[in-house]
Student: 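I have a structure here, written as structure tokens, and I will follow up with some questions on it.
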Amino acid sequence: MHLAYALRVDHLAIHSAMSHSAISGYLDNRSAVAALFQAAVFDAFPALRDDSPQFVVAVEQPKNPDHGHFAVNSALHLTKRLGKKPREIAESIVAALKADNGLLASRPEIAGPGFINVRLSRHAETQVIHAIRALGDEFGKSHVGNDAPLMVEFVSANPTGPLHVGHGRGAAIGDTLARLLDSQGYKVTREFYYNDAGAQINNLAASVTARLKERAGVACEFPEDGYRGDYIREIAELYAAQHPEDLLGNQTDQVRGFAVAALRHEQDLDLKAFDVQFDNYYLESSIYTDGLVEKTVAQLVANGHTYEEGGALWLRTTTFGDDKDRVMRKSDGTYTYFVPDIAYHVTKFQRGFGRAITELGADHHGSLMRVKAGLQAMGLGIPPGYPDYVLHQMITVMRGGEEVKISKRAGSYVTLRDLIDEVGRDATRYFFLMRKSDSQLTFDIDLAKSRSEDNPVYYVQYAHARICRVLEQWGGDVTSLSDADLSRLESSYESTLLRSIADFPETLAIAARELSPHLIANYLSDIAAKMHTYYNAERFLLDDVGLTHARLALIVAVRQVIRNGLRVLGVSAPERM
RNA sequence: GCGCCCGUAGCUCAGCUGGAUAGAGUGCCACCCUCCGAAGGUGGAAGUCGCACGUUCGAAUCGUGUCGGGCGCGCCA
């Protein structure tokens, strides 16, 4: 066993916060270096042991390769506390490093204002290959979530039309967040909230009725805010075929129910094509039928956060940070959507989800503060930040260098299904995920369709397929590579790749903490680039069997990491392309 | 007017808990095909990190202000 493992036992208590791969017993390089230096700092300056808060060593990865594999800046941080010059402190820390730690290639250098630059021994670098082989699909996972129940709510489209590209981005982000948090040990539930009550649904029914009358040749005016997409005509046709007794759509409840069911079915098919599955569908209508609206209002009134004005009932959300108070019950006696929204989020908490993530289009961000304020006003002990929100910005779709105009009112918008049919599920998901969710996204259809390395998805998948192809040519049994002599991995390409694949668990941990799926896409793109560079620079199938096996053992590990990463994104890892 | 997001290379975008000479892809320029895939490879030029002030040993990163763009601001959802 490598000494890094022993270090972990010594210092895990101090560094539990940075132990990223708890499942494995494998300690990532950064944490191993941190543990080594933490001990050295305390040995060099024993008084720091008793400080509160205790000094924690930070380890960073320098951009400049001349600065080593990792850099420790503790000497700079301790300047003030110790009243010494940073370079002196650095000298003391380095002098206190445990010899024979097995982790470092050489005595660390002190550079610049007082950075300590460290290089890993090649032996330490190669340990990750064993860890990846042992863990397989589990490599990268962690238990930090402690099986805590967590809900990710996403898509939550009104059943008033097919899913469009914006819903697609939400679906990709929400589903990946769910996969990501699952990988970190949370007990994740995916939920879709259906706004199947209220004015929009009536509007939908009215639109269908209008089309029914139209096809029957009965004069009528189309609702001003009606839905004009062709799918309304299709629903009218279906309705007419199944309900010949009501060709004019006069049975409003029946028309409404039919239209909602038809659109839900369509949306389900869209999501299935996107490989997104929900554990639960929560119907807004059930909030009314279960009496939760009245209950919520009664609670808010009892808590003294409401007042009547102009015949309406208001919630004083300004008490909780909102910029204006909000109407709960309109003067006509009906409720605004705001009340069921609060009631819905209360159910999340009461159903045991100590953490909830709500994924929404950024155009709904106005409702965030209101809901959070409403939850606080309920006085149920819900944590102040509840729930977490992840918002995604708008998408611009480009084809042939031109923007494809999206207009829901005109009924001419790019549906999610269109996109999946045209560019494929993998590319659609990856493109939605490769940018930070709160920046706007340009979706280049031509690029997404192209089968070349210019295409970011193709580039990553190709790295995976390429490894499969090399192994296929080799023709041996991959399990036999566990005996490979990894000390044969001497080139800088190999060092770079080894350290990159070792970063995978930490990348997942950060992406989960930041709720940022794009970090995974960036990471995979980086690994793929390094793999392609390696492939172009070196050969794998050589007369030298020892070197061949060592290199194959490395790329098998790379393949596993790419596969595990793509799985989190919901993108396939093809063996050939 | 108020709130949220964004402003980094010609273009599309990264930049982790503040760190050393700010990165990638694409485009541009120059070289390179006896090769497990030339639909490729190697190298190069290219940025006042919108602007100003502040905090700090150190700011693209944190704070304030300001300019520009997007979105939201209804007793609609």
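Each chain gets a letter, A, B and so on, in the order the sequences are listed, and its residues count up from 1.
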Student: Nucleotides 36-43 of chain B: which of its N/O atoms have a protein N/O under 3.5 Å away?
Tutor:
from, atom 1, to, atom 2, distance (Å)
B:C36, O2', A:Q473, OE1, 3.0
B:C36, O2', A:Q473, NE2, 2.8
B:C36, N4, A:Y535, O, 2.7
B:C36, N4, A:E538, O, 2.9
B:G37, OP2, A:R469, NH2, 3.2

Student: Scan A:E309 against the nucleic acid and name what it touches under 4.0 Å (heavy atoms): base, sugar-phosphate only, or nothing.
Tutor: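 The answer is base, as A:E309 lies within the cut-off (heavy atoms under 4.0 Å) of a base atom.
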Student: Taking atom P in both B:G54 and B:U61, compute the distance separating them and give it to the nearest angstrom.
Tutor: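 Rounded to whole Å, the distance is 14 Å.
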Student: Could you tell me how far apart A:F70 (CZ) and B:A20 (P) are, to the nearest whole angstrom?
Tutor: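 In whole Å, B:A20 P and A:F70 CZ are 16 Å from each other.
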Student: Does A:K324 have any side-chain contact (heavy atoms from CB on, under 4.5 Å) partners at least two apart in sequence or in another chain, and if so, which?
Tutor: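 So A:K324 forms a side-chain contact (heavy atoms from CB on, under 4.5 Å) with A:R326.
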Student: Using OP1 and OP2 only, check whether a side-chain N or O of A:K330 sits under 4.0 Å from B:G74.
Tutor: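 No, because none of the side-chain N or O atoms of A:K330 sits under 4.0 Å from OP1 or OP2 of B:G74.
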Student: When rounded to the nearest Å, what value does the distance between P atoms of B:C6 and B:G50 take?
Tutor: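 Nearest-Å result for B:C6 against B:G50 at atom P: 12 Å.
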Student: Which is it for A:K530 and A:T496 under the side chain to side chain donor-acceptor pair (under 3.5 Å) test, yes or no, and what are the steps along the way?
Tutor: CA-CA 8 Å; A:K530 286 168 176 161; A:T496 302; over 6 Å; no
Student: Is A:G310 touching bases, backbone alone, or none of the nucleic acid, heavy atoms closer than 4.0 Å?
Tutor: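 The answer is base, as A:G310 lies within the cut-off (heavy atoms under 4.0 Å) of a base atom.
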Student: Calculate the interatomic distance between A:H392 atom NE2 and B:G70 atom P; express it in whole Å.
Tutor: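 Taking NE2 of A:H392 and P of B:G70, I get 19 Å after rounding.
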Student: Mind checking if A:R513 touches a base, just sugar-phosphate, or nothing, with heavy atoms under 4.0 Å?
Tutor: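 Result for A:R513 = sugar-phosphate.
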Student: Distance check, P atoms only: B:G27 and B:C4, in whole angstrom units.
Tutor: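 Here B:G27 and B:C4 have their P atoms 39 Å from each other.
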Student: Which is it for A:Y386 and A:K348 under the side-chain contact (heavy atoms from CB on, under 4.5 Å) test, yes or no, and what are the steps along the way?
Tutor: CA-CA 10 Å; A:Y386 197 90; A:K348 291 185 183 177; 3.6 Å; yes
Student: How many angstroms lie between atom CG of A:L36 and atom CZ of A:F70, to the nearest 0.5 angstrom?
Tutor: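 Here the interatomic distance stands at 12.0 Å.
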Student: List in chain and number order the residues that pass salt bridge (charged side-chain N to carboxylate O under 4.0 Å, His left out) with A:E359, two or more places apart in sequence or in another chain; answer none if no residue qualifies.
Tutor: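 Not a single residue meets the salt bridge (charged side-chain N to carboxylate O under 4.0 Å, His left out) criterion with A:E359.
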Student: Considering only residues two or more places apart or on different chains, which pairs with a residue in residues 455-467 of chain A satisfy salt bridge (charged side-chain N to carboxylate O under 4.0 Å, His left out)?
Tutor: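 Every candidate salt bridge (charged side-chain N to carboxylate O under 4.0 Å, His left out) pair involving residues 455-467 of chain A fails, so no pair, neighbours aside, qualifies.
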Student: Nearest to the side chain of A:D438 - B:C75, B:C71, B:C6?
Tutor: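 From the listed options, B:C6 comes nearest.
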Student: Where are the stems of RNA chain B, defined as at least 3 consecutive Watson-Crick or wobble G-U pairs with both distances under 3.5 Å?
Tutor: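 Counting only runs of 3 or more consecutive pairs, the stems involving RNA chain B are B:1-7 with B:67-73, B:10-13 with B:23-26, B:28-32 with B:40-44, B:50-54 with B:62-66.
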Student: Of the residues in residues 83-93 of chain A, which ones touch RNA chain B at a heavy-atom distance under 4.0 Å?
Tutor: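 Here the set is empty: none.
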Student: Rounded to whole angstrom, note down the P distance from B:U8 over to B:A52.
Tutor: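 That atom pair is separated by 16 Å.
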Student: If you look at every strand shown and take non-hydrogen atoms under 4.0 Å, does A:V72 touch a base, only sugar-phosphate, or nothing?
Tutor: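 Touches nothing.
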Student: Considering heavy-atom distances to RNA chain B, does A:A362 or A:G112 have its closest nucleotide positioned more toward the 5' end?
Tutor: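 Between the two, 5'-proximity favours A:G112.
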Student: Say whether, by atom type as modelled, one donor and one acceptor occur between the side chain of A:H518 and the main chain of A:S437 under 3.5 angstrom.
Tutor: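 Such a contact is absent between A:H518 side chain and A:S437 backbone.
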Student: Can you check whether any acceptor in the base of B:G72 is under 3.5 Å from a donor in the side chain of A:H364, or vice versa?
Tutor: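 Per atom types, no contact qualifies.
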Student: Would you kindly check if the NZ (Lys) or CZ (Arg) of A:R264 is within the cone defined by 45 degrees around the ring axis of A:Y281 and under 6.0 Å from the six-membered ring centre?
Tutor: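 Checked: cation-pi criterion met.
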Student: Please state how far atom NZ in A:K324 lies from atom P in B:C73, giving the value in whole angstrom units.
Tutor: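 These atoms are roughly 9 Å apart.
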Student: Do A:N195 and A:E284 pass the side chain to side chain donor-acceptor pair (under 3.5 Å) test, and can you show the C-alpha distance, the side-chain angles, and the key distance before you say yes or no?
Tutor: CA-CA 5 Å; A:N195 296 106; A:E284 183 189 0; 3.3 Å; yes
Student: By side-chain contact (heavy atoms from CB on, under 4.5 Å), which residues pair with A:A259, not counting sequence neighbours?
Tutor: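 If we apply the side-chain contact (heavy atoms from CB on, under 4.5 Å) test to A:A259, skipping adjacent residues, the hits are A:L204, A:V208, A:I235.
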Student: Tell me whether the ring of A:F115 lies stacked over the B:A20 base, given a 5.5 Å limit on centroids and a 30° limit on the plane angle.
Tutor: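 Yes.
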Student: Would you mind classifying the nucleic acid contact of A:N455 as base, sugar-phosphate or nothing, using non-hydrogen atoms under 4.0 angstrom?
Tutor: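 No contact.
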Student: A:E284 CD to B:A77 C1': how many Å, rounded?
Tutor: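 Rounded to the whole Å, the gap is 8 Å.
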Student: Regarding A:S331, tell me which of base, sugar-phosphate or nothing describes its non-hydrogen contacts under 4.0 Å with the strands shown.
Tutor: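 Result for A:S331 = base.
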Student: Taking atom C1' of B:C57 as reference, at what distance in whole Å does atom CG of A:L76 sit?
Tutor: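 Rounding to the nearest Å, CG of A:L76 and C1' of B:C57 are 7 Å apart.
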Student: For the C1' atoms, the ones on B:G7 and on B:G47, what distance do you get once it is rounded to whole angstrom?
Tutor: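 Approximately 14 Å lies between the C1' atom of B:G7 and that of B:G47.
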Student: Check the pair A:Y337, A:Q200 against side chain to side chain donor-acceptor pair (under 3.5 Å), reporting the backbone distance first and the verdict last.
Tutor: CA-CA 11 Å; A:Y337 70 98; A:Q200 297 302 331; over 6 Å; no
Student: Could you please name the option among B:G19, B:C75, B:A77 that lies closest to any side-chain atom of A:Q200?
Tutor: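 In terms of side-chain proximity for A:Q200, the closest of B:G19, B:C75, B:A77 is B:A77.
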Student: Could you check A:A111 against A:Y337 and say which one's nearest nucleotide on RNA chain B is further toward the 5' end?
Tutor: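 Here A:A111 is the residue nearer the 5' end.
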Student: Can you spot which of A:F192, A:Y344, A:Y194 makes a ring-ring contact (aromatic ring centres under 6.0 Å, His included) with A:Y282?
Tutor: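 Filter result, single survivor: A:Y344.
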Student: Sequence neighbours excluded, which residues qualify as salt bridge (charged side-chain N to carboxylate O under 4.0 Å, His left out) partners of A:E494?
Tutor: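 Counting only residues at least two positions away or on another chain, A:E494 forms a salt bridge (charged side-chain N to carboxylate O under 4.0 Å, His left out) with A:R551.
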Student: To the nearest Å, how far apart are A:D322 CG and B:C73 C1'?
Tutor: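 That distance rounds to 10 Å.
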Student: For the C1' atoms, the ones on B:G1 and on B:A59, what distance do you get once it is rounded to whole angstrom?
Tutor: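 Rounded to whole Å, the distance is 32 Å.
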Student: Roughly how far, to the nearest 0.5 Å, is CD of A:E514 from NZ of A:K436?
Tutor: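 If I round to the nearest 0.5 Å, the distance is 11.0 Å.
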Student: The criterion is side-chain contact (heavy atoms from CB on, under 4.5 Å); which residues satisfy it with A:E266, sequence neighbours excluded?
Tutor: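 A:E266: side-chain contact (heavy atoms from CB on, under 4.5 Å) contacts with A:L269, A:R417.
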Student: What integer distance in Å separates A:D526:CG from B:A24:P?
Tutor: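 One finds 11 Å between P of B:A24 and CG of A:D526, rounded.
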Student: Sticking with atom P, work out how far B:G63 lies from B:G3, rounded to a whole angstrom.
Tutor: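 That atom pair is separated by 15 Å.
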Student: Each nucleotide in nucleotides 8-15 of chain B should get exactly one letter: B, S or -. Can you fill that in based on protein heavy atoms under 4.0 Å?
Tutor: ----SSSS
Student: Please state how far atom CG in A:D341 lies from atom C1' in B:A77, giving the value in whole angstrom units.
Tutor: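 To the nearest whole Å, that distance equals 9 Å.
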Student: What's the gap between B:A60 and B:U48 when it is taken at their P atoms, as a whole Å value?
Tutor: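 Their P atoms lie roughly 14 Å apart.
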Student: Using the test salt bridge (charged side-chain N to carboxylate O under 4.0 Å, His left out), find all partners of A:R576 that sit at least two apart in sequence or belong to another chain.
Tutor: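 Here the qualifying residues are A:E472.
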Student: Between the base of B:A20 and the side chain of A:N73, is there any donor-acceptor pair under 3.5 Å?
Tutor: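 Under the 3.5 Å cut-off, the side chain and the base do not form any donor-acceptor pair.
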Student: Sequence neighbours left out, what passes side-chain contact (heavy atoms from CB on, under 4.5 Å) with A:M398? Give chain and number order.
Tutor: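 Residues passing side-chain contact (heavy atoms from CB on, under 4.5 Å) with A:M398: A:T396, A:E403, A:T442.
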